[in-house]
Amino acid sequence: MFENRVRLISVFLMCGFQFTSAMASDNNALMLFARQNAQKFKSELVELKGITLDSKITVQGAVDKIEFMYFRAKYRPEDGEMVIGSEVATLNHLKIFESCKTTGSFVGQNAYGAKTTVRRQKCERFFAQDGNPAAVRIGGSRIKMTPSQFRAMNSGGVKAEFDLLVGHPNEDIVVRYDESIDSATVRYPTESHMKVWSVYGRVEEIRWVLPGEAQAIQIWRRQ
């Protein structure tokens with residue numbers, strides 16, 4: 001029934017999130033591409049909506065508050081900027097879509113006899129990811145913003161954009177697919193059937209849309 005483990009990310013699920021900014025997004029096309037080409041080798045890829053190996057695309061998503069916390073960001077009021085404190089901080093992946101739908105419920109019981117109603121749900125997640133996790137280091141970056149914007153990012157994360165070159169030399173498979181069941185816990189009584197697609201590529205540039213602004217700003221670019 002219940003497993004004694006912590007599921008930090010699940011607590012902060014953003015079901016069905018999408019957003020728009022001043023730039024066009026290739027999210028929908030990339031998700032269709034991912035479904036069609038899951039676990040296929042590069043020689044087997046099917047082009048969809050103009051996306052195939054080496055396509056240059058822009059995708060949008062979000063860095064949630066848990067991910068943001070690991071940047072160890074600090075605000076310098078004397079300079080009016082945020083500094084990412086962790087020198088080894090990376091941003092090699094971006095969640096571009098997540099959707100969860102309730103499918104039912106049942107009464108669960110843990111090892112101590114405590115009972116509660118457990119909700120069942122089916123979730124889909126899509127990620128854009130660099131094939132070299134260590135390549136996209138943003139540690140030490142300094143970003144101009146207001147104190148209120150920094151506080152908003154600490155409490156709710158930040159919207160983000162990736163410029164991505166589809167496919168990576170380190171990965172024979174362009175789209176990885178994983179299916180699993182996240183069991184319920186006492187703190188989070190939800191059993192989630194997860195389907196996850198990860199599209200590997202080469203991240204060329206990262207931009208954030210700061211709270212309250214429409215235009216995205218560059219925070220990292222491949223040299």
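When a residue number appears, it is its place in the shown sequence, counting from 1.
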Just by distance, do the side chain of [X] and the backbone of [Y] share a donor-acceptor pair under 3.5 Å?
X	Y	value
Tyr200	Pro169	no
Gln223	Arg221	yes
Gln149	Pro211	yes
Asn27	Ile96	yes
Thr52	Leu48	no
Asp130	Pro133	no
Asp26	Thr58	yes
Thr90	Asn92	no
Trp220	Arg137	yes

Practice task
Measure the CG-CD1 distance between Leu210 and Ile143 for me, rounded to the nearest 0.5 Å.
Solution key: 7.5 Å
Practice task
With rounding to the nearest 0.5 Å, note down the distance linking CZ in Phe68 to CG in Asp64.
Solution key: 11.0 Å
Looking at [X], I'd like to know if its [atom1] atom is crowded, meaning that more than 12 non-hydrogen atoms belonging to other residues, nucleotides or ligands lie closer than 6.0 Å.
X	atom1	answer
Arg222	CZ	yes
Lys40	NZ	yes
Asp172	CG	no

NZ/NE/NH1/NH2 to OD/OE distance under 4.0 Å, [X] and [Y]:
X	Y	result
Asp79	Lys144	no
Glu44	Lys42	no
Glu171	Arg176	yes
Arg35	Glu124	yes
Glu98	Arg125	yes

Hey, are [Y] and [X] close enough side-chain-wise for a donor-acceptor pair under 3.5 Å?
X	Y	value
Ser192	Thr190	no
His193	Glu179	yes
Arg119	Ser105	no

Practice task
Using a 4.5 Å cut-off on heavy atoms from C-beta on, say whether the side chain of Ile57 contacts that of Val166.
Solution key: yes
Handout entry: Note, Gln215 side chain near Ile217 side chain (heavy atom, < 4.5 Å)
Key = no
Problem - Mutual orientation of the aromatic rings belonging to Phe126 and Trp197 [parallel < 30°, tilted 30-60°, perpendicular > 60°] - result: parallel
Completion exercise
Phe162 and Leu91 have their tightest heavy-atom pair at CZ-O, 3.4 Å
Exercise for the section: Apply the side-chain hydrogen bond (donor to acceptor under 3.5 Å, both in side chains) test between Asp163 and each candidate in Gln218, Arg207, Lys56; give the one that qualifies. Expected result: Arg207
Problem - For Gln39, all residues meeting side chain to side chain donor-acceptor pair (under 3.5 Å), sequence neighbours excluded - result: none
